[in-house]
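Lettering of chains follows the sequences in order, A, B, ..., and the numbering in each one begins at 1. Since the structure is predicted, the reported quantities are computational estimates derived from the model, not experimental observations.
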Amino acid sequence: MTELRRIAYYFRRKHFAMFGLLLVLALVTVAVLAPQIAPNNPHAVSRDRFLSPGADARYPLGTDNLGRCVLSGVIYGTRVSLFVGLAAAATSTFIGILIGSMSGYFGGKTDAFLMRFTELFMTIPRFVLALIVVAFFGSGLDRLILVIGVLSWPGAARLVRSEFLSHRNLPYVDSGRVSGMSHLRLIFVEILPNIIPPVIVVATLDVATAILLEASLGFFGLGDPNLRSWGGMLSRAQSHIRTAWWMSVFPGSAIAVTVLGFNLVGDGLNEAANPRMQIEGGST
Amino acid sequence: MSGSGAGMSLWRYAAMRIVQSLPLILGIIVINFLLINLAPGDPVTALIGDFPAPAEYIETVREQFGLDQSLGVRLLTYIGNVLQGELGFSFNYRVPVLELVLARLGRTLVLMITTIVFATAVGLGLGIMAAKWKDSPLDKFAVGFATVGYSIPVFWSGQLLILLFAVRLGWLPSSGLRSTRIAYEGLALYGDMARHMILPVLALSLRYIALTTRLTRSSLIETLNSDYVVAARTRGIPATRILWNHGLRAAATPIITIIGYHFTFIVAGSALVETVFGWPGVGRLMYESIGARDYPTLLGILLMVSIAVIIVNLITDIVYAFIDPRIKYD
Amino acid sequence: MNPNIQTKADSTTQLEPILEIRDLITEIRVPGRSLRPVEIERLVVPRGQVVGLVGESGSGKSMTAYSVLNLFPTAAASIHSGSIVLDGVDMVKVRENERVKIRGNKVGMVFQDYALSFNPVITIGKQLMEQLLTHGRHENAKAKVLSVLDEVGLSAEVFSRYPHELSGGMLQRVGIASALVCDPPLIVADEPTTALDVTVQAQILELLKSIQKERNLSILLITHDLGIVAEICDLVYVMYVGQIVEHGTVHKIFKSPSHPYTQGLLQGASSVQSVGTHEIRVAIQGSIPGLTEIPSGCRFHDRCPHTMEICRLQQPGFYEVDGLQAACWLHDAEHSHG
């Protein structure tokens, strides 16, 4: 509770963190209310192709090469990006907690083995592997989430491990151990709740990188074929970049603003939770 | 300056790290193997690609990779093949994958190295100035730039650069390795290629500069507030000299981190940027191979890039140990 | 009322003192206000003597040390007013680029946290060389560094060592070497032995003593350990909440302290030494007030066993008592009751 109050205090003082929070809340609102806000069906093709923004009141941000509404595409794309970003980050955080807690709690050989395993996953170029997996297994939303989540856990695992290392010999854990608590109980009931704040920081930053990764896959034509996503829109914009700038500018801004929002919130939480610690952002 | 004792342990450390990297390389090969065998349908598809290959060739591949054998034998066969540099054959381009990738590697490396040099210089400069004049308008600009720059996907910054400098202003070419209409020769050809590189390098640099600025700034601020810097000032070492001598030594660490440990990021970034700018490197090859369902090429690239990452990380660790004498003793 | 402040306690020397602090006020700006951790009317370090500055933690000793160099670990701290004349140069008035030439050259500083006073990734030799070269001593710089390492009892091998390769005692020797390397006439040593093991403490103290004698150094020794003061100092200044409350020769202070605070310190010290702890346990009730809650009048009045009416109202000046200078109303003829 005091932790929450401290963070709230910090966010009120640091405008950038507050700004990020507002951005994220606004994006969530747009995603939830997409059917109400969007002027058109995002998938509806029309004969009004390549309309520039403002040329037709029905399409405020213009239309693409198939005559689809760009604004509606951007609005519905919010759903895809946020859903993939949040679900993938939840997945990677979950895996990271499992592996990191085992590693840090048990130490010794378990730790050595799990850390080699983590190192392996940090080494593999995530984007290239994700491309191949999606190319093999298809690019449905569920698979995108799974692939991005499964390839993004090492950061969380390393953080959780180091937190567990510093907690495992604290008096409250020792006394729990002496009183005969099981390992599972000690890990998940006693220790885990104490390390939630830094885990949330990493999870928030992971949302940002997951969104970037999803957009990158979409740009390579590997988004969910049944949904309009920002990455997919930019992929299409690439072929018409000389004639239809609006096909690139609006979906691209949407990605940048969303990623910025989560990065700002993550940075803010990071500084609020631990002013001296700096967690490095991940990479695409 | 260091005695032979310290030198020995650096070598020992390097040797230890090399030995530690071997299981990682093995792990990468195993992951590739699993991908091939877990792929939907016949593993042959993953080894040949989605092409109407002649039946004889399919048989040859089956034999070469021991596809009728047990999984264990197949794994050993696969490892053997990879170690011999046998990464399969690209039906799309009708050349062995290794040859195909190596032929394009140079162009990608030129892009990556130019970016690293450029972005490091700019990010370092910006980070130093931001740290030196902390909380000044310049610092606020640098922090803002780094935060925003870090949030922009490289392929979109590429598109924006094309829109501004190629479409709107018409200053620079938007695509390709060189001009197709005029056949430049000699020095002019290099100039032409350099002009084609400007936008891709800028696009790829943006996030890199952001990251470098951020890390340089924070590590420099931390260093300049550290006790040993205060102590150095009590010895009469002027602030500027401390910044250059002590501060930059400390800033070297994040720079190496970015170049070394974020190497995978620039690999992914260059794949995307090459696609945006039609730069015929390995990244563009990946994009084309996905369209063509040329799986052996994709898997070959994955394997080669992974090994490159391991090697770069290895070098990074050794450079770290060289810069920071404390690491060897950990 | 007759505050005869100007009596010379330092009449032992005819020379101009190496360090003279006058009316020094050091302030720390915090949001909304400014704190004054140091308010020293006068502090003098005569040439060739060791002057102890004692007090509890929180009394402003370390801030005084930093004030001498006019260099603070935090940008929030600065000198508000006063003068600090170091070998003829006023560190308050002179420009920063002149001060840089004085620090490490005319005055060396030894820290409590020896482990934190050297860059962990540069060899000891290079850091000492850097100091010499910065101060324009290019000739035989390496030989000079080696000879100073030898002087503090370290082998030449230390030259190419990194800080983390040395023990605490060795590092503090390097700290002393760094203070000496430019042959300054004055050394400011801030709790130089506090962080060391007890056995090593004695060695370092012995080293400081012998070097002081050999070089005829002046030392401003900041400590909370009265045992060290007794062993090495010639003169003592006792500090309480940023101000000097009593000063004089070590002999007289230990024999017959005239300020109630000094009396308390000494009683505490004798009881502490037998236990072997390093904290002063003042045999006085209460604890040292923070800078935000400085009492009116005499700053010691609410802990003093002899508080009088005047103590709450007005700060005392210095009175000469048996060759000591004590800032206490007890020694004022009008107020003391005998």
Side-chain angles (χ1 to χ4, degrees), chain B residues 1-10 13 131-136 139 219-257 318-330, chain C residues 65-66 68-75 96-136 142 157 159-165 174-175 177-179 181-182 184 188 190:
Chain B
M1 192 68 71
S2 61
S4 60
M8 272 298 284
S9 63
L10 182 62
Y13 176 77
K132 190 163 183 209
W133 293 290
K134 191 173 175 288
D135 298 325
S136 70
D139 178 35
S219 80
L220 211 53
I221 286 174
E222 194 186 323
T223 304
L224 293 182
N225 285 330
S226 66
D227 292 293
Y228 70 79
V229 165
V230 174
R233 295 186 63 200
T234 67
R235 287 177 215 130
I237 319 289
T240 331
R241 185 166 174 150
I242 289 176
L243 180 73
W244 291 111
N245 207 1
H246 298 249
L248 285 186
R249 203 178 273 261
T253 316
I255 298 297
I256 293 163
T257 307
I318 294 170
V319 172
Y320 260 142
F322 186 73
I323 288 185
D324 190 337
R326 288 168 298 178
I327 287 175
K328 278 169 280 180
Y329 296 82
D330 286 352
Chain C
Y66 284 113
V68 170
L69 300 182
N70 199 346
L71 173 80
F72 299 92
T74 156
E96 173 67 15
N97 58 4
E98 291 299 317
R99 289 199 288 258
V100 166
K101 291 178 194 158
I102 293 168
R103 293 178 196 135
N105 195 20
K106 291 281 178 64
V107 52
M109 186 142 173
V110 181
F111 292 93
Q112 175 177 350
D113 285 324
Y114 48 81
L116 302 175
S117 45
F118 293 95
N119 188 329
V121 300
I122 302 180
T123 58
I124 297 295
K126 274 193 188 163
Q127 297 192 55
L128 294 180
M129 294 281 283
E130 181 187 29
Q131 186 180 349
L132 265 180
L133 298 180
T134 300
H135 292 297
K142 184 165 183 188
E157 192 205 12
F159 189 91
S160 52
R161 290 268 171 251
Y162 291 97
H164 67 95
E165 297 174 304
V174 176
S178 142
V181 74
C182 290
V188 177
D190 185 4

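- Screening C:Arg103, C:Glu130, C:Gln131 for a side-chain contact (heavy atoms from CB on, under 4.5 Å) involving B:Arg235 leaves a single residue, C:Gln131.
- Atoms CD and CG, on C:Gln112 and B:Asp227 in that order, are 11.0 Å from each other to the nearest 0.5 Å.
- The OG1 atom of B:Thr234 lies 10.5 Å from the CG atom of C:Asp190; values are rounded to the nearest 0.5 Å.
- Note that CZ of B:Arg233 and CZ of C:Arg99 are 9.5 Å apart. Values are rounded to the nearest 0.5 Å.
- Heavy atoms closer than 4.5 Å to chain B are found nowhere in C:Glu157, neither backbone nor side chain.
- The shortest non-hydrogen separation linking C:Ser117 to B:Ala231 is O-CB, 3.3 Å.
- Contact of C:Phe111 with chain B is made through the side chain alone, with heavy-atom distances under 4.5 Å.
- Across C:Val100 and B:Gly236, no two heavy atoms sit closer than the pair CG1-O, 3.2 Å.
- Taking C:Ile122, C:Asn119, C:Asn105, C:Ile102 one by one and counting their heavy-atom pairs under 4.5 Å with chain B, the maximum is reached by C:Asn119.
- Chain B forms more heavy-atom pairs under 4.5 Å with one residue of C:Thr134, C:Val181, C:Val188 than with any other, namely C:Thr134.
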